[in-house]
Amino acid sequence: MMRLISLLSLFICQCSIAQNPFIKSIYTADPSAHVWSDGRLYVYPSHDIDPARGCDLMDRYHVFSTADMVNWRDEGEILNASQVSWGRKEGGFMWAPDCAYKNGTYYFYFPHPSGTEWNKTWKIGVATSKKPASDFTPGGFIEGLSGNAMIDPSVFIDTDGKAYFYYGGGSKCQGGRLKDNMTEIDGAMQNMEGLVDFHEAAWVFKRKGVYYLTYADNTPGQNQLRYATSSSPLGPWTHHGVFLGKTGCDTNHGSVVEYKGKWYMFYHNQSLSNTGKGNLRSICVDELHFDADGSIQLVEQTKTGVSAIITKKAAAPNGTKYEAESAATGGGTSIANGATASGGKYISNLKTPDAYVEFANVNGGKKGGRATINIQHAGAAYGRVKLFVNGVDYSLLNLLSTGNATAFTGRASLTVKLNAGKSNTIRLVGVNSDVQVDYVSVNLLD
Ligand code: FUB
């Protein structure tokens, strides 16, 4: 009996750890985490576009959510630079965002330049939706803010319902009250006094009546996160020092949130891409602990991530499977036999940029809408594929090594839009890496 219990707990343990980074299929950074009234935790990050080119290719946002801190759902793309009418014509530069909820509406705040001279023309745009992670409509920007290097909006709603807006860059951090419409500043923005070595990434939360402001500093090469506290949401602030050290990445950006009785630290590092410069970052989460006097302990950055919160909800269904044998191939790609593949067949040689596999007649359901595409794959090394759905380029997906060319334990996922009915096509194109695909499955979200 004891042996059975310990085997069972080992099994639960192995299946209930998130692993950092917790989003692996695409590169993400600057995670802003919130818990909304549906009981899920949502992360609004920015999206580093592969191949790396500094931070200027970042042209869209995806949202991710979880109910247990381990199983994450890609909610899909919620905004693209091409939708921002006042944005710079060259696009890109969709940097660290945040989201807030008030009176039935979700407000998504994003920094984006309005001109070619990007660092002098920053605006803080606002998009709105009745849902937390879809159907956002871009509107205008918050009037009266400085365009010069002022980025990284964040919004804190106090326990009395009053909303506060923060942003900053270079060495300046400012905060102010938001009007009830959540899109205008009430009065003047003011400098956040008392911060030491402020660089960017302001984030405010409240615990036991104390306001905390966290931010990235200017530590050369690898910024660190510091924090300060106050008895008021607009300061003045008392600086306490570093609570998240170097992450191996030149930028640092994080958010702190309480969920189901634990405090969590969301941040990014570069451990997945392993690139020095160039910004292919990935979001991570670890537990955050406080001392009895309210001080934040130095966050332990782990590879194992956080444990699952046990929920009663059933696991997400596996979705509709589209097997290798039903696909069309070209450019040297072929259907091979393999005992480890589902149905005994898999797609091999998806290597070069002219190699492809296409799944036709993919069912988008009666209404169409958001659908998660899962690619079940194998590869001895870290590979990538380009995903096209109905001809739309959804960019590169990371197919992590499974340790062996025919160990089909890998799964890369991305949420895309499908049309109603069975007229959809999913096409995977090679990216100079050796990946094998067992099958593709589709989960309809809407
Ligand atoms: O991701 C683009 C920029 O890098 C963010 O706005 C900054 O906070 C830094 O993480």
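Note that the numbering runs from 1 along the sequence shown for the chain. Atoms within a ligand are numbered from 1 in the order they appear, just like the ligands themselves.
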Check your understanding: With sequence neighbours excluded, what pairs up with Asn432 under the side-chain hydrogen bond (donor to acceptor under 3.5 Å, both in side chains) test?
Key ->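 Asn432: no side-chain hydrogen bond (donor to acceptor under 3.5 Å, both in side chains) contacts found.
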
Exercise for review: Quick one: list whatever passes side-chain hydrogen bond (donor to acceptor under 3.5 Å, both in side chains) with Ser85, sequence neighbours left out.
Suggested key: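 Ser85 satisfies side-chain hydrogen bond (donor to acceptor under 3.5 Å, both in side chains) with no other residue.
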
**Study point:** Pair Asp68 + Lys260: basic N to acidic O under 4.0 Å
**Key:**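 Judged by the 4.0 Å cut-off on N to carboxylate O distance, Asp68 and Lys260 do not form a salt bridge.
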
Check your understanding: Does Arg384 come within less than 4.0 Å of Asp50, counting only side-chain N to carboxylate O?
Key -> yes

Exercise for review: Could you tell me whether the side chain of Ile49 reaches within less than 4.5 Å of the side chain of His47, counting heavy atoms only?
Suggested key: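 Yes, side chains in contact.
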
Point to revise | Proximal protein residues to ligand 1, non-hydrogen atoms under 4.0 angstrom | key: Asp30, Ser46, Cys55, Met58, Trp95, Ala96, Ile151, Asp152, Glu200, Thr251, His253, His268, Arg281

Listing, residues 134-147 side-chain donor-acceptor contacts under 3.5 Å, not counting sequence neighbours, or none:
unit_1	atom_1	unit_2	atom_2	d
Asp135	OD2	Lys131	NZ	2.8
Ser146	OG	Asn148	N	3.2

